[in-house]
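Written below as structure tokens is the structure these notes are about.
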Amino acid sequence: MSGTLKKMKNYVTGEEEETSLVDDVKHDLNCCKSLSWSTRIKGFIICFAVGIVITVLAVIMVFLKKYTMFGVLYSLGTVTAIVSSLFLTGPVKQLKKMFEEKRFIATLVMLLMLALTLCAALWWESGGLTILFVILQFLAMTWYCLSYIPYARTIVKNCATSCLA
């Protein structure tokens, strides 16, 4: 009996089906696979746009000198941008790509900067550190994103070397 039929039967009879966390996650991931390409594109665009709006709100917080909100909103915007890409590739494939050898360090640095931004904003309540970690978070996210574009990192490295020489 398929999962949907089992759920319908259990709903009608009032029985509760015991499922593990792994079963729930597998079900959720299979639901993502069933989305059409146009739905995935729409989900990506909406989620990415929400991320941009959150990031713009974060920048406004800097002008209001609310550095805690700035750090939190900027980090939320970054996470929303990353989540938007899950619509295109699917969660499992995206996570595998994030931790491939060529972008493993970039992913770890980006996640570390995200965590440090939140620590500086929420626990340490340091506006200066929050701004520093947001800048580092931006650079880490940029380097991470460049890893998806063929030869982009090499071009950036060469440009930086030329400028600094």
Side-chain angles (χ1 to χ4, degrees), residues 1-8 10-11 17 19-63 66 68-118 121-122 130-131 133-160:
M1 189 181 297
S2 75
T4 305
L5 290 175
K6 281 183 186 178
K7 287 184 179 184
M8 287 174 54
N10 291 341
Y11 180 76
E17 179 183 0
T19 59
S20 68
L21 178 61
V22 174
D23 291 336
D24 290 342
V25 170
K26 283 182 182 178
H27 178 266
D28 290 344
L29 293 178
N30 285 333
C31 288
C32 292
K33 289 180 183 178
S34 67
L35 295 175
S36 70
W37 184 246
S38 64
T39 303
R40 287 174 179 248
I41 293 292
K42 289 173 189 170
F44 167 76
I45 291 170
I46 291 169
C47 197
F48 195 76
V50 168
I52 290 172
V53 169
I54 292 170
T55 303
V56 168
L57 289 174
V59 172
I60 292 169
M61 291 299 135
V62 170
F63 295 110
K66 296 185 177 184
T68 298
M69 283 302 295
F70 167 64
V72 171
L73 288 175
Y74 189 87
S75 297
L76 184 60
T78 300
V79 170
T80 306
I82 293 169
V83 168
S84 71
S85 66
L86 298 179
F87 282 100
L88 298 177
T89 61
V92 173
K93 190 173 181 182
Q94 178 65 26
L95 287 172
K96 285 180 182 178
K97 282 184 174 185
M98 286 176 72
F99 290 98
E100 286 177 350
E101 184 179 343
K102 66 181 176 181
R103 59 182 69 91
F104 182 77
I105 293 173
T107 300
L108 288 182
V109 171
M110 179 191 56
L111 294 173
L112 176 65
M113 290 305 117
L114 187 86
L116 288 173
T117 301
L118 291 173
L122 297 172
T130 300
I131 290 173
F133 288 133
V134 163
I135 292 168
L136 294 174
Q137 183 184 138
F138 173 79
L139 293 173
M141 182 67 168
T142 301
W143 194 251
Y144 165 78
C145 290
L146 288 174
S147 73
Y148 286 94
I149 303 168
Y151 304 107
R153 286 178 168 181
T154 304
I155 292 168
V156 169
K157 283 181 197 177
N158 292 340
C159 286

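Along the sequence shown, residues are numbered consecutively beginning with 1.
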For K97 versus Y148, what's the shortest heavy-atom pair and its separation? CB-OH, 3.8 Å

Looking at every heavy atom in both A58 and F70, which two are closest together, and how far apart are they? O-CD1, 3.0 Å

Side chain to side chain contact (heavy atoms under 4.5 Å, CB included) evaluation trace for F104 with M98: CA-CA 7 Å; F104 182 77; M98 286 176 72; over 6 Å; no

Checking side chain to side chain contact (heavy atoms under 4.5 Å, CB included) for the pair W143/L139: CA distance, chi angles, key distance, verdict? CA-CA 6 Å; W143 194 251; L139 293 173; over 6 Å; no

CG on L73 to CD1 on I54, rounded to 0.5 Å: 7.0 Å

Do V109 and Y144 pass the side chain to side chain contact (heavy atoms under 4.5 Å, CB included) test, and can you show the C-alpha distance, the side-chain angles, and the key distance before you say yes or no? CA-CA 9 Å; V109 171; Y144 165 78; over 6 Å; no

Which atom pair, heavy atoms only, marks the closest approach of R153 to L146? CG-CB, 4.0 Å

Rounded to the nearest 0.5 Å, what separation is found between the CG atom of L112 and the OG1 atom of T117? 9.0 Å

So CD1 of I155 and NZ of K157: to nearest 0.5 Å the spacing works out to 12.0 Å

Would you say the side chain of T68 lies within less than 4.5 Å of the side chain of L122, judging by non-hydrogen atoms? yes

Spacing of I82 atom CD1 and T107 atom OG1 [to the nearest 0.5 Å]: 8.0 Å

Which atom pair, heavy atoms only, marks the closest approach of M141 to A81? CE-CB, 4.4 Å

Would you give the length of the straight line joining atom CZ of F87 to atom CZ of R40, rounded to the nearest 0.5 angstrom? 9.5 Å

Applying side-chain contact (heavy atoms from CB on, under 4.5 Å) between F44 and each of V83, L88, L86, report the one that passes. L88

With distance as the sole criterion, is a donor-acceptor pair present between the side chains of S75 and T78 under 3.5 Å? no

Taking every heavy atom of G71 against every heavy atom of A121, the minimum-distance pair comes out as CA-CB, 4.2 Å

Run through L118, V79, T55, L114 and flag the one making a side-chain contact (heavy atoms from CB on, under 4.5 Å) with Y74. T55

Can you tell me how far apart CD1 (I135) and OG1 (T130) are? Round to the nearest 0.5 Å. 11.0 Å

Report yes or no: does T39 contribute a side-chain atom to a donor-acceptor pair with the main-chain N or O of L35 at less than 3.5 Å? no

Full working for side chain to side chain contact (heavy atoms under 4.5 Å, CB included) between I60 and K66: CA-CA 9 Å; I60 292 169; K66 296 185 177 184; over 6 Å; no

Pairs touching residues 100-110 that satisfy salt bridge (charged side-chain N to carboxylate O under 4.0 Å, His left out), sequence neighbours left out: E100-R103

